[in-house]
Amino acid sequence: MNSCVLVTGGAGYIGSHATLALLQAGHDVVVIDNLCNSSQESLARVSKIAGRTPKFLEGDIRESDFLRHVFSTHRIEAVVHFAGLKAVNDSLRQPLLYYHNNVNGTLQLCEAMSEAAVFRLVFSSSATVYGEGAQVPIREASPTGVPTNPYGRSKLMVEELLRDLAQSDARWRIAILRYFNPVGAHPSGLIGEDPNGIPNNLLPYISQVAIGKLKQLQIFGDDYPTPDGTGVRDYIHVQDLVNGHLKALAVIDRKPGLNVWNLGTGRGYSVLQMIRAFEEASGRSVSWQIAPRRGGDIAECWADPAKASAELGWEAQLGLSEMMADAWRWQSKNPRGYSSVSHGQHLANDADS
Ligand code: NAD
Ligand code: UFG
């Protein structure tokens with residue numbers, strides 16, 4: 001058995017980019033995913049770019065027998081844990097599903113890791129765990145708050161579960177990575193974000209308006225106390241984000257216990273700035289209108305990335321123009337995401353054009 005990194009949720013948006021980066025860094029990778037929000041096509045494309053194939057096992061992190069099988073048949077050294085549900089609105093409608101999947105799923109995973117004596121874990125958390133009144137730029141030491149929805153609460157619960165675990169047993173080496181707003185795609189245009197149905201997030205929505213799939217972007221509020229009145233966020237290129245995971249994996253080797261790092265650029269952009277940057281990168285115009293504020297939104301949120309810089313030696317390298325150019329390349333080459341035609345044709349028709 002070769003030693004390898006287990007990537008849960010590795011067929012998804014961030015997981016597929018991380019799988020690629022891990023393969024390119026020379027790791028062997030085992031991906032587990034139940035494909036509830038993704039397609040195996042993403043991994044076919046990862047293999048195409050990397051020239052190497054990750055091992056894929058379809059299954060659910062809530063299934064302890066499945067996890068036991070994964071750990072007993074592979075020499076897993078570390079786990080990068082992306083598997084989870086992430087739609088804020090769905091979480092309000094189906095809280096039990098979100099707690100079961102995100103919290104219970106992580107609990108099952110940690111139990112299986114412990115049984116297999118695998119103690120290195122990198123977890124996908126979110127800036128949503130910070131309190132509403134957190135002062136920007138947000139530092140890791142800022143208090144966590146009271147998330148406004150079950151999705152956010154599930155992330156906070158998992159963070160607390162992991163903190164207890166690290167305190168209970170000194171063998172654990174855990175990285176909690178709090179993502180700000182991941183956007184963009186691999187520069188090949190072969191892999192990217194493929195949201196189900198109408199996107200909730202800003203950039204996929206803008207891209208789908210630009211490609212003609214959606215009519216008009218609703219800007220949720222122009223009366224925030226920000227320079228142009230629209231919401232400000234810290235958008236981070238998915239390539240930078242996954243590099244942060246590789247750095248974290250290396251650092252927890254020599255840094256036991258629980259570590260928390262923000263992954264953000266330290267710069268905020270407004271919705272209007274994002275639209276303008278996208279129009280510039282794509283040469284398309286994006287129709288928009290002002291709509292009422294969206295419940296639960298805050299005015300501004302951006303990271304202080306100094307801790308990740310000092311401790312991981314990591315800083316975001318890519319700016320807004322790369323985020324937009326790569327998001328547009330992915331969208332324009334794959335207007336229907338991964339779900340176009342049959343497998344072989346898919347690569348030829350959509351991605352190689
Ligand atoms: P995604 O939906 O594209 O990827 C998640 C993957 O996990 C999917 O492939 C899905 O099929 C799989 N999955 C879900 N539940 C599973 C289960 N029970 N067993 C096995 N596989 C399962 O989402 P993403 O954007 O790549 O996000 C990855 C992680 O990062 C998630 O945990 C998410 O909450 C977190 N995160 C994402 C963002 C963002 O804006 N994209 C921001 C902060 C945190
Ligand atoms: N926005 C619009 N119109 C849209 C979509 C978004 O104007 O159609 C605005 C929002 O109001 C906000 C900004 O664009 O000002 C960014 O919105 P996103 O939905 O893309 O991102 P959020 O910062 O609201 O949410 C993201 C993740 C959540 C996570 C949160 C905090 O999607 O899962 O960051 O980390 F909880």
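Indexing begins at 1, ligand by ligand and atom by atom, following the structure's order. Any value given below was found using the heavy atoms of this structure, including those in side chains, with hydrogens, waters and symmetry copies removed. This one's a predicted model, so the numbers in the text were calculated from it and none came from an experiment.
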Could an N or O of ligand 2 be found under 3.5 Å from any N or O of [X], whether backbone or side chain?
X    : answer
F220 : yes
N181 : yes
Y179 : no

Item to check | Parallel, tilted or perpendicular: rings of Y98 and Y151 (30°, 60°) | outcome: perpendicular
Item to check | Parallel, tilted or perpendicular: ring planes of H17 versus H186, cut at 30 and 60 degrees | outcome: tilted
Item to check | Worked verdict on W302 versus F180 for ring-ring contact (aromatic ring centres under 6.0 Å, His included) | outcome: CA-CA 7 Å; W302 69 89; F180 281 68; 9.8 Å; no
Heavy atom of the protein closest to [atom] (residue, atom name, distance):
atom                    : value
atom 12 (C) of ligand 2 : R233 NH2, 3.7 Å
atom 3 (N) of ligand 2  : Q218 O, 2.8 Å
atom 33 (O) of ligand 2 : Y151 CE2, 3.4 Å
atom 29 (C) of ligand 2 : S126 OG, 3.7 Å
atom 24 (O) of ligand 2 : R294 NH2, 2.9 Å
atom 18 (P) of ligand 2 : N201 ND2, 3.5 Å
atom 9 (C) of ligand 2  : V271 CG2, 3.7 Å

Next on the checklist: With a sphere of 6.0 Å drawn around CD of E132, does it hold more than 12 non-hydrogen atoms of other residues, nucleotides or ligands?
Outcome noted: no
Atoms of ligand 2, numbered as shown, that sit under 4.0 Å from any heavy atom of [X]:
X    : value
I219 : 7 (O)
L217 : 3 (N), 4 (C), 8 (O)
A127 : 35 (O)
N200 : 5 (C), 19 (O)
D297 : 10 (C), 11 (O), 24 (O)

Answer with side chain, backbone, both or neither: which part of [X] has a heavy atom less than 4.0 angstrom from an atom of ligand 2?
X    : answer
M274 : neither
T128 : both
Y235 : side chain
L202 : both

Interatomic distance, [X] atom [atom1] to [Y] atom [atom2] [nearest 0.5 angstrom]:
X    : Y    : atom1 : atom2 : answer
L190 : Y338 : CG    : OH    : 8.5 Å
N101 : Q108 : CG    : CD    : 11.5 Å
Q135 : E300 : CD    : CD    : 9.5 Å
L177 : I14  : CG    : CD1   : 10.5 Å

Next on the checklist: Taking R178's backbone N and O only, do any of them form a donor-acceptor pair with S125's side chain (distance below 3.5 Å, no angle check)?
Outcome noted: no
Checklist entry - Under a 4.5 Å cut-off applied to non-hydrogen side-chain atoms, are F220 and L202 in contact? => result no
Checklist entry - Taking the side chain as C-beta and beyond, is there a heavy-atom pair between I219 and I275 under 4.5 Å? => result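 In short, these two side chains touch, coming nearer than 4.5 Å.
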Item to check | Set of side chain to side chain donor-acceptor pair (under 3.5 Å) partners for N196, sequence neighbours left out | outcome: N37
Item to check | Closest approach of Q216 to V209 (non-hydrogen atoms, all atoms of both residues) | outcome: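 Distance-wise, the nearest heavy atoms are C-CG2, 3.9 Å.
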Next on the checklist: How close do N102 and G84 get, counting heavy atoms only, and between which atoms?
Outcome noted: OD1-CA, 3.4 Å
Next on the checklist: Students should find this: residues with any non-hydrogen atom under 4.0 Å from ligand 1. What is the answer?
Outcome noted: G9, A11, G12, Y13, I14, D33, N34, L35, C36, N37, S38, G59, D60, I61, R62, F82, A83, G84, K86, N101, S124, S125, S126, Y151, K155, Y179, P182
Item to check | salt bridge (charged side-chain N to carboxylate O under 4.0 Å, His left out), paired with D253, selected from R173, R120, K247 | outcome: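 With D253 as partner, salt bridge (charged side-chain N to carboxylate O under 4.0 Å, His left out) holds for just one option, R120.
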